[in-house]
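Working notes for the structure below.
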Amino acid sequence: MRDRVSASDPGLLRLAAGLRTVGAITLTLAVLSLLDADVTHLVAGAVAAMVATFSVREKQRGPQAVTLALGLPVALASVSLAALLSSHVVAGDVFFVVLIFCAVYGRRFGDRGTALGLIGFQVYFLSLFVGATPGLLPGLWGVLAVAFASSALARFVLVPQTSAGILLRLRHAFRARLAQLLDAQLELLDAGPDDVEKALAHVRTDTARLHETAMMIQGRLEEGTPDEVTARLVQRRIADAEIAAERLGLLLLTARSAERADTLTLHLPGAPVPESGRLPMPEEATDVLRRDLRALRLLVRRPGADGAGLAQVRNRLLGYRDEEHLPPAAPAVRDVFRGVGESARAVLGLRLAFDGPQDESDDSPETARSREELDAEDAAIGREESGEEDADRPTGLRRPTTRAAVQVSVGSALAIVGGELLSAHRWYWAVLTCWIVFINTASTGEILVKGYRRLLGTVLGVVAGIGLAGLVGHHTGTAFAVVLLCVFAMFYTAPLSYTLMSFFVTAALGVLYTLLHTYSPDVLVLRVEETAVGVASGVVAAALVLPVRTDRRTDELLTTVLQRLTDVTGAAVEQLSGGPPAELLDRSRELDQALSDLRSATQPLTHPVTPLRTRRDTARYVVALLETCAYHARALAATAELLPTHPSIAADPQLRGAGRRILGNIDAIAARVADEHSTAEVATGPSVASLLGPGAYGTPRYGRVTDRVLRHLQRLDEAVAGLARPLGVPVTSPGR
């Protein structure tokens with residue numbers, strides 16, 4: 001059960017966010033209740049505590065404390081100005097728009113600027129919500145002080161989180177998700193012809209979730225490890241385990257296929273499953289493979305356990321890294337056993353990196369060799385030095401924060417006008433919606449999708465709010481308990497579904513309106529109308545003011561992904577050919593991040609309700625091929641980093657020529673995406689294997705680096721060429 005919880009919420013980040021926010025609100029309500037505060041101040045305190053808690057996003061505790069301390073005077077100034085301008089409608093509206101511009105523009109100053117801007121905006125909104133006036137200011141100042149103090153107590157005492165602790169829980173989540181992926185691979189092994197599609201879908205899903213956790217770990221390494229060497233070591237071991245597990249799934253799928261599986265589309269949801277049957281080997285060998293996969297899962301699930309039994313299991317699995325220990329079977333099936341051996345080595349590397357030195361008394365020669373390789377790699381990592389490159393950053397209106405600030409300001413002005421036409425007292429809901437749909441979006445399409453989700457969640461939340469308001473009535477304690485449940489659910493589901501988050505927000509508001517004695521079904525219906533006005537205002541502003549079309553945004557990100565793919569592939573091939581070492585892990589991380597950004601930006605194109613079906617399918621296909629390219633590039637990079645320390649493989653200068661065509665094709669596609677008038681073409685020709693000379697292709701011997709990377713090079717070459725058709729790049733084939 002612990003593994004399931006850890007895997008569903010890596011690092012327990014969502015659970016901690018929900019508990020921290022609920023704890024801050026509960027403390028605030030308790031203190032204010034002891035001070036005999038009225039319901040208006042209780043509501044203000046609850047909302048202020050929530051804002052003070054979720055606004056702070058720094059990863060280190062020291063910067064968090066500084067931001068929280070700076071947030072209190074910002075909140076006091078915001079509520080004071082809102083109260084003083086409450087009787088001056090025009091001046092108040094103008095100031096609100098200026099405040100919104102400053103809050104969004106502050107994002108350029110990092111997490112602290114974002115947090116302070118968010119606090120200023122949300123507290124001004126809170127003032128409008130509770131109807132702040134100059135006479136209420138002393139009480140509201142005290143409420144804000146209590147709320148910020150409660151937020152600090154909840155953050156640093158009740159639900160403390162350190163970077164090292166978060167990284168530790170993320171590592172446990174990685175192991176749990178790795179074990180789940182092995183479960184899915186076991187399901188794929190045993191699935192009949194009618195069940196293989198479902199089993200493959202589980203493998204795809206669990207592979208993506210494992211990669212998500214690996215990315216989360218990489219984002220926490222700098223703060224969660226004591227030094228750079230330890231961070232690079234953990235990064236390397238995580239990358240090795242992820243690649244080994246993903247490769248094991250590909251090998252298993254290939255072995256199940258009647259012919260060589262088209263693993264190019266493994267990352268594409270709904271892709272046709274290759275015709276397959278049972279593994280082409282005796283049932284006894286299938287039983288051995290099933291036993292070994294279960295044994296590998298056991299090593300993952302019990303990382304700290306010792307004993308002769310587990311040592312024997314580890315020795316047997318690592319023995320598959322030597323040819324003489326492979327069982328007699330078809331070449332594709334022997335590849336699966338090799339994959340099991342490499343996965344066992346990756347699991348051993350994880351254990352050494354996470355848990356330190358282990359008992360080696362029961363090691364077999366194969367296990368001892370694996371430990372020696374890992375120790376040599378660790379020593380090499382300790383000698384590496386990393387460098388940073390300065391990137392060109394846009395300036396002026398081209399800077400994303402400046403453009404977003406102008407767009408949000410214009411959209412908010414439209415929302416104020418439209419909202420006041422609907423209601424002179426609830427217009428601020430339209431402004432809040434306009435503000436929110438711009439957060440973490442960069443194109444008109446993304447804003448449209450986010451606005452649609454917020455509107456849907458609001459409509460469903462109104463229905464729930466009406467029901468909750470009727471059940472709770474005016475029972476203050478019960479009402480606040482329901483609000484706390486909704487707040488926890490809001491933060492727990494926020495990273496999973498924006499629609500669900502909007503649902504819980506609106507449901508909680510129905511209860512808050514009841515406490516403020518302003519509830520009626522008409523008020524909640526008005527909230528839907530104001531939300532629709534806010535969404536419309538945001539979309540209009542995004543479409544007309546410094547617009548960034550979805551096509552332009554995706555093309556820019558696609559070009560970035562292709563550039564990162566060139567960096568990783570080129571550096572890996574150069575090192576595999578005998579060139580100098582490069583920062584391959586850092587480049588692989590940049591590729592993964594660029595691909596994640598592209599995947600998010602294509603959501604408007606791939607949304608189920610989009611009417612452009614062909615365009616949707618094309619976008620999904622391109623992203624799937626890029627994910628395949630990224631996997632093979634990561635595998636090349638991981639193998640390249642073995643060269644300086646691996647005792648049994650050496651560089652092959654022939655690979656430099658084989659990689660030249662791949663890099664040229666990636667550059668041609670990037671040039672065509674950046675400029676549709678480009679004359680660049682994708683070149684096809686003989687297979688990569690034929691470019692490496694006679695005898696390069698066949699049963700892998702694993703004695704040369706070529707044998708380890710040949711399949712990755714071939715698949716990368718095919719995937720890059722496959723990008724040409726959907727992206728409209730001409731393809732040429734040399735004459736025979």
Side-chain angles (χ1 to χ4, degrees), residues 181 184-185 188 200-201 203-212 214-215 239 242-254 257 260-274 335 339 554 557-558 560-570 572-573 587-599 602 606 617-639 658-659 661-663 665-666 669-670 673 682 684 687-688 708-727 729 731:
L181 177 56
Q185 291 173 352
L188 180 62
L200 183 57
V203 171
R204 287 192 186 109
T205 300
D206 289 335
T207 300
R209 297 181 75 204
L210 182 69
H211 181 63
E212 175 193 16
M215 290 290 292
E242 180 192 357
I243 292 169
E246 190 168 3
R247 183 171 182 270
L248 179 59
L250 289 171
L251 293 174
L252 187 59
L253 176 63
T254 301
S257 305
R260 287 283 177 177
D262 180 16
T263 54
L264 292 180
T265 57
L266 178 68
H267 299 87
L268 180 61
V273 179
D335 279 350
T554 54
L557 293 175
L558 177 57
T560 301
V561 171
L562 293 172
Q563 291 171 347
R564 297 289 183 268
L565 182 61
T566 299
D567 292 342
V568 176
T569 305
V573 170
R587 297 186 186 191
S588 297
R589 176 182 173 183
E590 292 172 356
L591 170 61
D592 290 335
Q593 185 59 56
L595 187 55
S596 177
D597 293 340
L598 176 64
R599 193 183 302 110
T602 57
T606 59
D617 295 341
T618 299
R620 287 180 175 176
Y621 184 71
V622 168
V623 172
L625 281 181
L626 287 172
E627 289 178 343
T628 300
C629 291
Y631 158 67
H632 291 293
R634 289 197 304 270
L636 291 174
T639 306
R661 184 175 71 192
I662 298 175
L663 296 175
N665 286 341
I666 298 175
I669 295 173
V673 172
V682 168
T684 60
S687 68
V688 170
R708 290 174 172 255
V709 303
L710 180 59
R711 180 173 298 161
H712 296 299
L713 283 170
Q714 181 67 36
R715 289 303 192 189
L716 183 58
D717 183 44
E718 294 170 359
V720 170
L723 286 169
R725 181 185 59 80
L727 295 177
V729 184
V731 178

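In this text, all values refer to a predicted model and were calculated from it rather than measured experimentally.
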Using side-chain heavy atoms (C-beta onward) and a distance below 4.5 Å, is H211 in contact with E246?
no

Ion pair check, R715 and E718, cut-off under 4.0 Å
yes

Tell me, do L723 and V729 make a side-chain contact under 4.5 Å, heavy atoms counted?
no

Exercise: identify the closest heavy-atom pair between V203 and T207
O-OG1, 2.7 Å

Report yes if the side chains of V561 and R564 come closer than 4.5 Å at any heavy-atom pair, otherwise no.
no

All side-chain contact (heavy atoms from CB on, under 4.5 Å) counterparts of T618, not counting sequence neighbours:
T614, V622, P726

Under the side chain to side chain donor-acceptor pair (under 3.5 Å) rule, collect the residues that match up with Q185, sequence neighbours excluded.
none

Contacts of type salt bridge (charged side-chain N to carboxylate O under 4.0 Å, His left out), residue R599, not counting sequence neighbours:
E627

Can you check whether L181 reaches L248 side chain to side chain, under 4.5 Å on heavy atoms?
no

Looking only at non-hydrogen atoms, find the nearest pair between V731 and A724 and report the distance.
CG2-CB, 3.6 Å

Using side-chain contact (heavy atoms from CB on, under 4.5 Å) as the criterion, list what pairs up with A239, not counting sequence neighbours.
L585

Listed partners of N665 passing side chain to side chain donor-acceptor pair (under 3.5 Å), at least two apart
none

Can you sort out the partners of D206 under salt bridge (charged side-chain N to carboxylate O under 4.0 Å, His left out), two or more places apart, ordered by chain and number?
none

Looking only at heavy atoms, which two atoms of R634 and I243 are closest? And how far apart?
O-CD1, 3.2 Å

Among all residues two or more places apart in sequence or in another chain, which pass the side-chain contact (heavy atoms from CB on, under 4.5 Å) test with Q563?
T559

T205 side-chain N/O to A201 backbone N/O, donor-acceptor pair under 3.5 Å
yes

Residues two or more places apart in sequence or in another chain: which of them pass side chain to side chain donor-acceptor pair (under 3.5 Å) with R589?
none

Can you name the closest pair of heavy atoms from T684 and R661 and give their distance?
C-NH1, 4.2 Å

Contacts of type side chain to side chain donor-acceptor pair (under 3.5 Å), residue Q593, not counting sequence neighbours:
D597

Are any non-hydrogen side-chain atoms of L713 and V573 less than 4.5 angstrom apart?
yes

In a check of side chain to side chain contact (heavy atoms under 4.5 Å, CB included) between L562 and each of L557, I666, L591, which one passes?
I666

